[in-house]
Novice: 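Take this structure, written in structure tokens, and hold onto it; I'll ask about it next.
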Amino acid sequence: MCTRIFNSQNKEFPVTGRNMDWYWQLTSSLYAFPAGLERQGVDQNFADTEYGKNNTSILTWTSSYRSLVTVLEYPSSKVAFAAADGLNEEGLVVNALYDGETRFPDETKSDKPRLSILRMVQYILDTCAQVSKRG
């Protein structure tokens with residue numbers, strides 16, 4: 001579970017604080033990724049599918065923007081599996097919040113390419129320059 005606090009009282013200086021409330025220690029590293037990387041959204045059962053390689057139902061894309069991200073690793077392996085936080089060269093910032101109680105629809109019943117929640121942060125940083133303002 002993750003917790004996030006956002007203070008927007010000062011419109012010129014919004015502040016975000018967060019923590020990772022996990023019951024085991026997560027290993028994290030900072031990575032700087034260049035634009036032009038070939039990417040893929042791993043299958044939800046990525047450990048059983050060689051990280052989704054050669055699976056045509058997995059979404060693939062080429063990164064359009066450079067990014068700096070915090071990447072998490074499973075404690076029992078050396079596999080870097082998810083970007084939890086990051087920003088891209090356009091200044092877009094993305095923070096993932098994980099809720100262990102979240103349930104997703106059955107992906108096997110769709111013919112659309114899949115993107116694991118584990119790759120959502122990186123997909124947004126790679127493909128989006130900004131988000132639209134509402135209000």
Novice: Which atom pair, heavy atoms only, marks the closest approach of Leu92 to Gln130?
Specialist: CD1-CA, 4.3 Å
Novice: Which heavy-atom pair separates Val69 from Ala83 by the least distance, and what is that distance?
Specialist: CB-CB, 4.1 Å
Novice: A side-chain contact here means heavy atoms from C-beta on lying under 4.5 Å apart; do Leu30 and Thr70 qualify?
Specialist: yes
Novice: For the backbone of Val15 and the side chain of Asn7, can you confirm whether one donor and one acceptor N or O come within less than 3.5 Å of each other?
Specialist: no
Novice: Which atoms form the tightest heavy-atom contact between Gly41 and Arg119, and what is the distance?
Specialist: CA-CG, 3.8 Å
Novice: In terms of heavy-atom contacts, does CZ of Phe6 have more than 12 from other residues, nucleotides or ligands at under 6.0 Å?
Specialist: yes
Novice: Among the clusters formed by ILVMFWY side chains lying less than 4.5 Å apart, do Tyr65 and Leu59 turn up in the same one?
Specialist: no
Novice: In the single-linkage hydrophobic clustering (I, L, V, M, F, W, Y; side-chain heavy atoms under 4.5 Å), do Val94 and Tyr123 co-cluster?
Specialist: yes
Novice: Using the ring-ring contact (aromatic ring centres under 6.0 Å, His included) criterion, which residues pair with Phe33? Sequence neighbours excluded.
Specialist: Tyr31
Novice: Side chain of Ser63, backbone of Leu37: donor and acceptor closer than 3.5 Å?
Specialist: yes
Novice: Taking a hydrophobic cluster as the set of Ile, Leu, Val, Met, Phe, Trp and Tyr residues connected by side-chain heavy atoms closer than 4.5 Å, whether directly or through intermediates, do Val71 and Leu87 fall within one such cluster?
Specialist: no
Novice: Which heavy atom of Val121 sits nearest a heavy atom of Ala96, and at what distance?
Specialist: CG2-CB, 3.5 Å
Novice: Go through Thr60 and Glu38 one step at a time and tell me if the side-chain contact (heavy atoms from CB on, under 4.5 Å) criterion holds.
Specialist: CA-CA 7 Å; Thr60 60; Glu38 296 296 320; 6.0 Å; no
Novice: Between the side chain of Glu89 and the main-chain N/O of Arg66, is any donor-acceptor distance below 3.5 Å?
Specialist: yes
